[in-house]
Trainee: 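Got a structure for you, questions after.
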Amino acid sequence: IVGTVKSTAKSRYSTWLNLKGNLGIRIDHADAPYFRTMEIFKLKGRRIGVRGWLYERYDRLRMQLRHPADLSVVN
C-alpha cells in the first residue's frame, strides 16, 4: 500500500503512522528497536509504501509493521 502520512502519534504500547484514507500503521514498542535508524516522526507529509496484513478494528483499517523492510519512503 502506498499513501501519504497524515499524522504520527505515540500511544502507551505503539507508535502510529496515520495515512490519508483512514489507515493506521502500528509499530509496537517491542519492535521499535528495529526502526531506530528510521526517523518515524519525520515522515509526516511524506509518501510511504508499506506491506503487511490489513485488519479492521473500531471501523478502521490497520496494519502492524514488525520490521523496517516492510516500510519504504516513496520519492
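Atoms considered below: every heavy atom in the structure, side chains included; atoms not considered: hydrogens, waters and symmetry mates. Along the sequence shown, the residues carry numbers beginning at 1.
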Trainee: Test: salt bridge (charged side-chain N to carboxylate O under 4.0 Å, His left out). Region: residues 34-44. Which pairs qualify, not counting sequence neighbours?
Mentor: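 Applying salt bridge (charged side-chain N to carboxylate O under 4.0 Å, His left out) to every pair that reaches into residues 34-44, excluding sequence neighbours, yields Glu39-Lys42.
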Trainee: Output the rest of the hydrophobic cluster of Leu71: all Ile, Leu, Val, Met, Phe, Trp and Tyr residues reachable through side-chain heavy-atom contacts under 4.5 Å, sorted by chain and number.
Mentor: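 Direct or chained contacts put Leu71 with Ile1, Val5, Leu17, Leu19, Leu23, Ile25, Ile27, Tyr34, Phe35, Met38, Ile40, Leu43, Ile48, Val50, Leu54, Leu61, Met63, Leu65, Val73.
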Trainee: Can you run down the side-chain hydrogen bond (donor to acceptor under 3.5 Å, both in side chains) pairs that involve residues 62-72, sequence neighbours left out, and say none if there aren't any?
Mentor: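 Applying side-chain hydrogen bond (donor to acceptor under 3.5 Å, both in side chains) to every pair that reaches into residues 62-72, excluding sequence neighbours, yields Arg26-Gln64, Arg51-Asp70.
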Trainee: How would you list, by chain and number, every residue that makes a side chain to side chain contact (heavy atoms under 4.5 Å, CB included) with Lys10, sequence neighbours excluded?
Mentor: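 Lys10: side chain to side chain contact (heavy atoms under 4.5 Å, CB included) contacts with Thr15, His29, Phe41.
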Trainee: Look at atom CZ of Arg60 and say whether more than 12 heavy atoms of other residues, nucleotides or ligands are closer to it than 6.0 Å.
Mentor: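 Yes, the 6.0 Å shell around CZ holds more than 12 heavy atoms from other groups.
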Trainee: Closest approach of Pro33 and Ala30, non-hydrogen atoms and distance?
Mentor: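 Where Pro33 meets Ala30 most closely, the heavy atoms are CD-O, 3.5 Å.
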Trainee: How does the hydrophobic cluster around Tyr58 look, that is, which other residues are in it when side-chain heavy atoms under 4.5 Å mark a link?
Mentor: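 Direct or chained contacts put Tyr58 with none.
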Trainee: Can you list everything that forms a side chain to side chain contact (heavy atoms under 4.5 Å, CB included) with Thr37? Sequence neighbours excluded, please.
Mentor: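 By the side chain to side chain contact (heavy atoms under 4.5 Å, CB included) rule, Thr37 matches no residue at all.
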